[in-house]
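Report on the following structure.
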Amino acid sequence: MSNDRPVRVRVAPSPTGDPHVGTAYIALFNYAFARHSGGRFLLRIEDTDRERSTKESERAIFEALRWVGLTWDEGPDVGGPFAPYRQSERGDIYRRHAADLVASGAAYPCFCTAERLAALREEQKAKKLNLGYDGACRLLSPEAVRAALDAGKPHVIRLAVPREGQTVVHDLVRGDVVIQNATVDDQVLLKSDGFPTYHLANVVDDHVMGITHVIRAEEWITSTPKHLLLYKAFGWAPPVFCHMPLLRNRDKSKISKRKNPTSLLWYREQGYLPEALLNFLALMGWSVAENREVFSLEDMIREFTLERVATSEPIFDFQKLDWLNGLYIRALPPAELARRLREFMPQGRACDEAFVLKTLPLLQERLKKLSDYATMAEFFYAEAVHPTVAELTPKKASPVQAADMLSAAREALSACEDWNAATMEARCRAAAASSGFKDRDLFMALRVAVTGAPVSPPLFESMALLGRDRCLARVAAAIERLRTG
RNA sequence: GGCCCCAUCGUCCAGCGGUUAGGACAUCAGAUUUUCGAUCUGAGAACAGGGGUUCGAUUCCCCUUGGGGUCACCA
């Protein structure tokens, strides 16, 4: 089973729809394994479904994987010794191999129509039989086959699965999985459009491309016997298999976009840091010896072993992702954070990095996601804020009292010779004391007046940054609003 | 339903025959505090059930239960 060839692994997404977190998840483990063992990591595009595959989706996969930082040594866009790496461009190879299989008797043409197959399925369902192809065309005489072929009848090529015996999948993390051949369907290998199915293309490519370890999701485990049977039919040594657990929704079902964000584009738009996302994904199914939770991709590469991948079913836990993301954001050098914030400015305005840098001491530790910046820093960028009377009025106080608090504050602030936080705070505390209000209440009224919300970064530091004119104007506007209702 | 996989706090992971069953997120309480956040302290919280094997099972085996995956000319 094991071999001493240099490690070659791959991730083989199919370009349908948005780039999926599951792809990044599987890519991560393949990548870490390859890098750890000094092997190669390849990207292969499995676009044999002509109905659903799109170029846009393929481009999005490239971009998304590059965004998270999982780069490939060989792939459709970077080339490599086994190009092409796009299955739609390898049709001849599959057809040739399918023909070999037919010639050796390991596969056979099947002329059954979609209608017959559907009817068959219905019948099996009604009789509560096991679902699957009944092998009708396997019984066809060579003459009948010849005739049908000569007549140009549409057909597929099916694998002639042995009716007896069993196939054992040696899974690196799960041990041996024994499956009776009788329960394996005569899988279609070549579709009537001449394109291969996943099963054929996958096996042929993995062999031809020298893949040593197939690290893929658990959902493939039941079709692995088909693949093993194919390797056997071709006379090839199979790679090592390792099935990763599936990422789950809250209800434990396989992660799906109906119940969870699954698009990597979404994670980027939300402002998750690639390094945080990768760290999180690594935690879902793998662990480091000393129980460490926070580690870089480099750390993971150094420590990675397949033996430590888990088999239990991880639920995608956003709370933990958010915590990790906040942690990584806090650890970023401010200049770097400012750079990454470019795409996350309030109201989509252009990013003034010098100013962003000034706001960061107030906001960096409060961000869980980069997108939080737009809302939390909004008041720094807005012309004015528009709190309501109710918002401006501290609990247990009246609007009139709120107006009085703000008047006292305005007076104190106007008298500030230096517009800095310490001076403002001292003056405001004194004003509160002399006018008989509690610091807390006056500060809250002022906070809402200036920032527009009862939750904000530290008040006086924010005001220092906002500048005298805008602050005083906002306080005046708030007093006005409170007085006029 | 057949086949297959999985099963430790609410969640993620550690444990690979003998532990007060550990860590993290989350939760709760306290400290700090101009709000929020961050930070620091502390607390509650788990071996699905039943049989074996063994001097001894969370750990090994079997059954049950529960959850999931898969049964396409999609991957």
Side-chain angles (χ1 to χ4, degrees), chain A residues 12-16 46-49 51-53 110 112-114 117-118 121 124-125 128-133 154-158 169 171 174 177-180 182-185 187-199 201-202 217-225 243 245-246 248 250-254 280 283-294 308 310-324 326-327 330 362-368 372 376 425 428-429 432 438-444 446-448 451 453-460:
Chain A
S14 104
T16 54
E46 309 227 331
D47 56 350
T48 53
D49 184 339
E51 304 278 283
R52 300 195 303 150
S53 300
C110 168
C112 292
T113 60
L117 262 19
R121 221 182 333 267
Q124 289 169 334
K125 246 183 238 174
K128 291 193 194 318
L129 259 35
N130 288 342
L131 272 34
Y133 183 58
H155 64 280
V156 301
I157 302 296
R158 283 181 187 274
V169 181
D171 188 286
R174 291 159 204 269
V177 178
V178 182
I179 291 174
Q180 300 304 316
T183 66
V184 180
D185 203 8
Q187 184 61 49
V188 170
L189 302 177
L190 209 60
K191 305 182 230 179
S192 55
D193 64 3
F195 272 64
T197 58
Y198 167 85
H199 306 281
N202 178 265
E218 183 187 353
E219 57 188 327
W220 293 110
I221 207 161
T222 41
S223 46
T224 307
H243 290 92
L246 243 25
R248 313 291 177 140
R250 278 224 81 78
D251 65 3
K252 288 197 169 248
S253 56
K254 172 164 89 168
F280 172 73
L283 254 21
M284 310 264 95
W286 184 74
S287 60
V288 203
E290 349 63 88
N291 252 334
R292 272 216 300 153
E293 309 263 339
V294 182
R308 286 193 74 87
T311 49
S312 51
E313 349 181 282
I315 291 170
F316 199 100
D317 179 5
F318 275 92
Q319 286 184 315
K320 193 152 187 171
L321 206 212
D322 284 350
W323 164 73
L324 259 180
L327 196 73
R330 272 172 261 138
L362 270 35
L363 288 167
Q364 183 160 10
E365 70 173 32
R366 293 175 166 76
L367 302 176
K368 278 205 171 1
D372 292 340
M376 293 177 83
E425 178 173 350
C428 285
R429 280 189 196 281
K438 283 198 205 137
D439 292 2
R440 283 187 106 77
D441 291 342
L442 187 142
F443 288 179
M444 186 49 79
L446 189 54
R447 179 189 310 283
V448 176
T451 71
V455 173
S456 80
L459 179 56
F460 298 105

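Keep in mind that what you see is a predicted model, and the values were worked out from it rather than measured.
Contact annotation for A:Arg440: backbone-only contact, meaning every heavy-atom pair under 4.0 Å involves sugar-phosphate atoms and none involves a base. Contact annotation for A:Ser223: no contact, since no heavy-atom pair falls under 4.0 Å across all strands. Base engagement by A:Pro458 is indicated by at least one non-hydrogen atom pair under 4.0 Å involving a base atom. Note on A:Arg330: only backbone sugar-phosphate atoms sit closer than 4.0 angstrom, heavy atoms only; bases stay farther off. Residue contacts for A:Pro454: at a heavy-atom cut-off of 4.0 Å it reaches a base atom on one of the strands shown. Residue A:Lys125 is classed as having no contact, given no heavy-atom separation below 4.0 Å to the nucleic acid. Residue contacts for A:Ser14: at a heavy-atom cut-off of 4.0 Å it reaches the sugar-phosphate backbone alone, with no base atom in range. Note on A:Leu246: only backbone sugar-phosphate atoms sit closer than 4.0 angstrom, heavy atoms only; bases stay farther off. Using a 4.0 Å heavy-atom cutoff across all strands shown, A:Val177 reaches sugar-phosphate atoms only and no base atom.
Between the C1' atoms of B:A26 and B:G10, the separation comes to 8 Å (whole Å). Separating the P atom of B:U39 from that of B:C25 is a span of 9 Å, rounded to the nearest Å. For B:G52 and B:A57, the C1' atoms lie 12 Å apart once the distance is rounded to whole Å. Distance noted for atom P between B:G18 and B:C36: 47 Å (whole Å). Using C1' as the reference atom, B:G22 and B:U59 are 15 Å apart when rounded to the nearest Å. Using atom P as the reference point in both B:G49 and B:U32, the two lie 44 Å apart (nearest Å). Rounded to whole Å, the separation between the P atoms of B:U20 and B:C5 comes to 35 Å. B:A21 and B:A46: their P atoms are spaced 12 Å apart (whole Å).
One N or O donor and one acceptor, one from the side chain of A:Glu293 and one from the base of B:G23, sit under 3.5 Å apart. The base of B:C36 lies outside donor-acceptor range of the side chain of A:Ser456, with no N or O pair under 3.5 Å. Judged by atom type and distance alone, A:Lys320 does not reach the base of B:A26 through any side-chain donor-acceptor pair under 3.5 Å. For B:C5, its base never sits under 3.5 Å from the side chain of A:Arg174 at any donor and acceptor pair.
Counting to the nearest Å, the P atom of B:C5 and the CG atom of A:Asp171 are 10 Å from each other. Put simply, CD on A:Gln319 is 14 Å from P on B:G10, counting in whole angstrom units. Protein atom CG of A:Asn291 is 8 Å distant from nucleotide atom P of B:G15, rounded to whole Å. Rounded to an integer number of Å, the gap from A:Gln187 CD to B:A75 C1' is 11 Å. Going from atom CH2 of A:Trp323 over to atom P of B:G23 covers 14 Å, rounded to whole Å. Put simply, CG on A:Leu446 is 14 Å from P on B:U34, counting in whole angstrom units. With rounding to whole Å, A:Glu218 atom CD is found 18 Å from B:C3 atom P. In this structure, the CZ atom of A:Phe460 is 15 Å from the P atom of B:U33, given to the nearest Å.
Here the nucleotide nearest the side chain of A:Ser253, chosen from B:G69, B:C3, B:A72, is B:G69. Comparing B:A14, B:C36, B:A75 by their nearest atom to the side chain of A:Thr48 picks out B:A75. When distances are taken from the side chain of A:Asp49 to each of B:C3, B:A75, B:A14, the shortest belongs to B:A75. Closest contact between the side chain of A:Lys252 and the listed nucleotides B:G67, B:U34, B:C6 involves B:G67. Of all nucleotides listed (B:G2, B:C25, B:C5), B:G2 comes nearest to the side chain of A:Asn130. When distances run from any side-chain atom of A:Arg250 to the nucleotides B:C4, B:U35, B:U11, the shortest one goes to B:U11. Distances from the side chain of A:His199 to the nucleotides B:G69, B:A75, B:A72 place B:A75 closest.
Toward the 5′ end of RNA chain B lies the nearest nucleotide of A:Thr183, the other residue of the pair A:Thr183 and A:Thr311 mapping further downstream. Summary of the strand contacts: A:Val288 and A:Ile221 both lie near RNA chain B, and taking for each the nucleotide with the nearest heavy atom, the more 5' one is attributed to A:Ile221.
Judged by Watson-Crick or G-U wobble contacts below 3.5 Å, the nucleotide B:U59 has no partner. Taking a pair to require two hydrogen-bonding distances under 3.5 Å in either a Watson-Crick or a G-U wobble arrangement, B:C9 remains unpaired. For B:U41, the paired nucleotide is B:A29, the pair qualifying as Watson-Crick or G-U wobble because both relevant distances are below 3.5 Å. Across all strands shown, B:U34 has no partner, as no Watson-Crick or G-U wobble contact with both distances under 3.5 Å is found. In this structure, B:U70 forms a base pair with B:G2, meeting either the Watson-Crick or the G-U wobble geometry with both donor-acceptor distances under 3.5 Å. Remark: B:A48 base-pairs with B:U64; criterion is Watson-Crick or G-U wobble with both hydrogen-bond distances under 3.5 Å.
Atom CE in A:Met376 sits 10.0 Å away from atom CG in A:Leu362 (nearest 0.5 Å).
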Task: Chi angles and distances behind the side-chain contact (heavy atoms from CB on, under 4.5 Å) call for A:His243, A:Val177 - done: CA-CA 11 Å; A:His243 290 92; A:Val177 178; over 6 Å; no
